[in-house]
Amino acid sequence: MNRTAPGARPATTGAAMPTEGELIANRLAKREQLLERGGGYPARTIGQDTCQEALSRFESSEAEPAAPGAGAEPRAAVSGRVTGQRVLGRAAFLDLRDGSGTLQLFLGRDALPGEQYALLELLDVGDFVEAEGALFRTRSGEVTLRVESWGILVKALRPLPEKWAGLTDPETRYRERHLDLVANERSREVARLAAATVSSVRRFFEERDFLEVATPVLQEQAGGAAARPFRTYHNALDRELSLRISTELHLKRLLVGGFDRVFEIGRVFRNEGLSHRHNPEFLLLESYEAYRDYEHVAGMVEALVRRVALDVRGTLTIPHGDVVVDLESAWARTTYREALSEHAGIQLTPSWALEGADGRQDAAVAGDGASRERDALAAVASERGVPIAPGASRASILDALMQRLVEPRLVQPTFVFDYPTELSPLAKAREGDPATVERFELFILGYEFANAYSELNDPVEQRARMEEQARKRSSGDEEVEVADEAFLHAVEAGMPPAGGLGMGLERLMMLMTGEHSIREVVLFPALRERERPGAAEPAAGADGGS
RNA sequence: GGGCCCGUAGCUCAGCGGCAGAGCAGUGGACUUUUAAUCCAUCGGCCGGAGGUUCGAAUCCUCCCGGGCCUACCA
């Protein structure tokens with residue numbers, strides 16, 4: 001009973017869409033009829049009021065009745081998507097939703113020109129419409145627009161998710177986020193909270209006279225963090241490039257250039273595994289402030305997170321799963337060394353050796369002593385069930401212990417200060433203590449929220465640290481800081497002392513929304529490519545994906 | 001990477017060796033204050049894919065694809 005002759009349509013349609021279902025065919029036919037009647041896809045609409053405006057206009061008119069007899073029924077003209085339809089024969093109710101909310105429309109056949117009511121035959125839930133008329137309250141009390149004129153703006157060719165259960169399959173929700181957003185108020189809410197988080201962070205820095213900058217995403221060499229980059233290629237330059245893994249090195253070059261307060265909220269890309277906490281691209285906040293140290297930054301971070309919580313949630317106590325994160329009480333402060341002692345029972349000397357394991361070894365036999373220290377730590381790690389890579393350095397064993405035994409326990413906001421120098425090639429060493437740097441990380445909910453240093457600005461020391469990292473790299477560790485000549489040149493021109501901060505904003509969004517998966521706060525999270533039905537059967541003997 | 005679980009109509013789901021099912025949506029009809037409208041009728045399927053077991057497979061087995069949770073890795 002398809003009223004549209006298939007042959008009348010562009011030739012490609014049928015063949016190109018073999019799975020085109022009856023539902024879509026019906027809607028395409030309605031679209032054709034709509035066009036034949038001269039409707040559909042206008043550039044302008046009569047509906048310039050939002051649903052919210054219409055509702056509040058009606059409510060205020062009820063509060064202050066206009067002069068009697070003035071024909072004072074408030075009017076409205078709205079546009080939006082039809083999310084519900086109840087047809088009762090000679091009358092119909094539609095739910096219309098725009099970005100501000102929803103408004104019910106009433107269409108009575110006798111109140112509309114004949115063809116205007118008949119237009120309902122071409123309407124499906126999901127279509128966009130415009131409508132104009134007077135506002136009233138129905139018997140059941142809902143403010144409703146009595147439509148005097150309306151039109152279909154856009155046909156939805158594909159059906160929307162079912163109205164009651166909505167869209168629940170996580171994969172479909174992520175892959176077809178537009179449908180998720182249409183169907184699920186919670187998804188819209190999370191998206192708004194995520195946006196409010198970024199906006200609040202930006203305002204915080206702007207109010208403190210930080211300059212917001214944008215530094216390059218495409219780089220010859222991705223530096224500033226320890227991570228594998230994505231690689232790409234520039235045709236005109238005939239050059240391999242990497243996508244940035246951090247914004248740190250460029251921002252510091254701006255300090256050299258004389259901007260004392262800079263920040264960037266920038267997408268960075270790390271070529272690592274996917275998980276509920278890791279998306280390969282994420283929003284990284286970095287800020288640098290000259291003439292300040294990491295103590296100052298710690299105070300600033302505390303103010304920042306509290307400010308965001310107040311802006312976004314209006315409170316400093318934030319429920320998240322089974323716990324309530326208390327941002328109001330003084331935030332715990334400990335040191336790397338104390339934290340390992342308290343939570344893992346591991347006592348470390350000032351040079352990060354296991355207490356008692358460095359024994360009688362003197363500087364003269366440092367090599368031997370260092371490897372003994374390393375082995376002693378590795379032994380402790382395996383005692384505690386912390387897996388250690390065979391060639392792991394002493395520092396990376398410490399790091400593994402920290403991650404496994406300490407970090408998960410830091411649920412309430414906790415600053416951990418003073419890290420091993422070996423783990424922090426861009427941070428300044430503590431005075432008289434070259435093995436330890438002025439660095440802190442902030443932990444909330446058991447994972448890293450922020451990472452900050454008193455920035456290393458001695459170019460000679462910086463070069464030595466980077467060369468040390470380069471040695472590790474050449475011995476096989478791919479995820480290690482790389483020496484960046486342009487950056488070193490800049491530091492050699494003189495970089496002011498500064499406190500720097502890095503913070504993954506999705507984690508802040510997760511805290512603010514109460515979500516446990518980064519995929520909920522990222523609008524379009526990375527997913528594997530879905531198998532193409534036609535693309536099956538790899539050629540026999542082909543080597544396939546490695 | 002390891003463990004557990006999931007994939008059936010556009011959407012939400014049942015069925016778990018014996019004819020492929022329901023609700024919503026769609027289509028046709030009734031209905032002028034409904035709001036998960038209601039009522040009657042009806043259309044809709046490569047049961048994720050490929051092999052295997054069986055007289056018989058959505059159901060059991062193997063592999064593959066995609067996803068979820070946990071765990072590990074990624075400071």
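In this text the structure is predicted, and so the values were computed from the model without any measurement. Lettering of chains follows the sequences in order, A, B, ..., and the numbering in each one begins at 1.
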Would you say A:Thr172 and A:Glu176 are linked by a side-chain donor-acceptor pair, where the criterion is simply a distance under 3.5 Å?
no
Partner of B:C39 by Watson-Crick or G-U wobble geometry, both contacts under 3.5 Å, or none?
B:G29
Just how far, in rounded Å, is C1' of B:G28 from CD of A:Glu121?
12 Å
Quick one: which residue pairs count as a salt bridge (Lys or Arg N to Asp or Glu O under 4.0 Å) with a foot in residues 134-149 of chain A, not counting sequence neighbours?
A:Glu62-A:Arg137, A:Glu73-A:Arg146, A:Arg75-A:Glu148
Test the A:Arg177-A:Phe524 pair against the cation-pi criterion, namely NZ or CZ under 6.0 angstrom from the six-membered ring centroid and within 45° of the ring axis.
no
Under a 3.5 Å limit for both distances, which nucleotide forms a Watson-Crick or G-U wobble pair with B:C4, could you say?
B:G68
Check if the side chain of A:Glu142 and the base of B:U34 share a donor-acceptor pair of N or O atoms closer than 3.5 Å.
no
Let me know the distance between NE2 of A:His278 and P of B:G1, rounded to the nearest Å.
16 Å
Whether A:Arg86 contacts B:C31 is assessed here as follows: a side-chain N or O lying under 4.0 Å from the phosphate OP1 or OP2. Is that the case?
no
Under 3.5 Å: donor-acceptor pair, side chain of A:Ser100, backbone of A:Gln52:
yes
Please report, rounded to the nearest Å, how far the P atom of B:A75 is from the CG atom of A:Leu423.
11 Å
Could you let me know what B:C73 is paired to, Watson-Crick or G-U wobble, both distances under 3.5 Å, or none if it's on its own?
none
Which heavy atom of A:Leu107 sits nearest a heavy atom of A:Tyr117, and at what distance?
O-CE1, 3.6 Å
From CG of A:Leu107 over to C1' of B:C31, roughly how many Å is that when rounded to an integer?
16 Å
Please confirm whether the shortest side-chain N or O distance from A:Thr138 to OP1 or OP2 of B:U34 is below 4.0 Å.
no
Take atom CZ of A:Phe93 and atom P of B:U33, then tell me their distance rounded to the nearest Å.
7 Å
Quick one: A:Leu28 CG to B:G26 P, roughly how many Å, whole number?
16 Å
Output the rounded distance in Å from CZ (A:Phe282) to C1' (B:C74).
10 Å
Would you say the ring centers of A:Tyr294 and A:Tyr453 fall short of 6.0 Å from each other?
no
Sugar-phosphate, base or nothing in reach of A:Arg173, heavy atoms under 4.0 Å:
nothing
Taking only side-chain N and O atoms of A:Lys163, does any of them lie within less than 4.0 angstrom of OP1 or OP2 on B:G26?
no
A:Phe136 has its side chain closest, among B:U33, B:U12, B:G67, to B:U33
Looking only at B:A75, B:C11, B:C31, the nucleotide nearest the A:Pro161 side chain is B:C11
Base B:U33 to side chain A:Arg139, donor-acceptor N/O within 3.5 Å cut-off
no
Tell me the partner of B:G21, counting only Watson-Crick (N1-N3 plus N6-O4 or O6-N4) or G-U wobble (N1-O2 and O6-N3) with both under 3.5 Å; none if nothing fits.
B:C13
Taking only the side-chain heavy atoms of A:Glu272 (C-beta and beyond), determine which of B:C74, B:U33, B:U34 contains the nearest atom.
B:C74
For B:A25, does the base pair up with any side-chain atom of A:Arg27 as donor and acceptor (N or O, under 3.5 Å, distance only)?
no
Nearest to the side chain of A:Gln104, heavy atoms from C-beta on, is which of B:U34, B:G67, B:G10?
B:U34
Please give the nucleotide sitting opposite B:C60 as a Watson-Crick or G-U wobble pair, both distances under 3.5 Å, or none.
B:G52
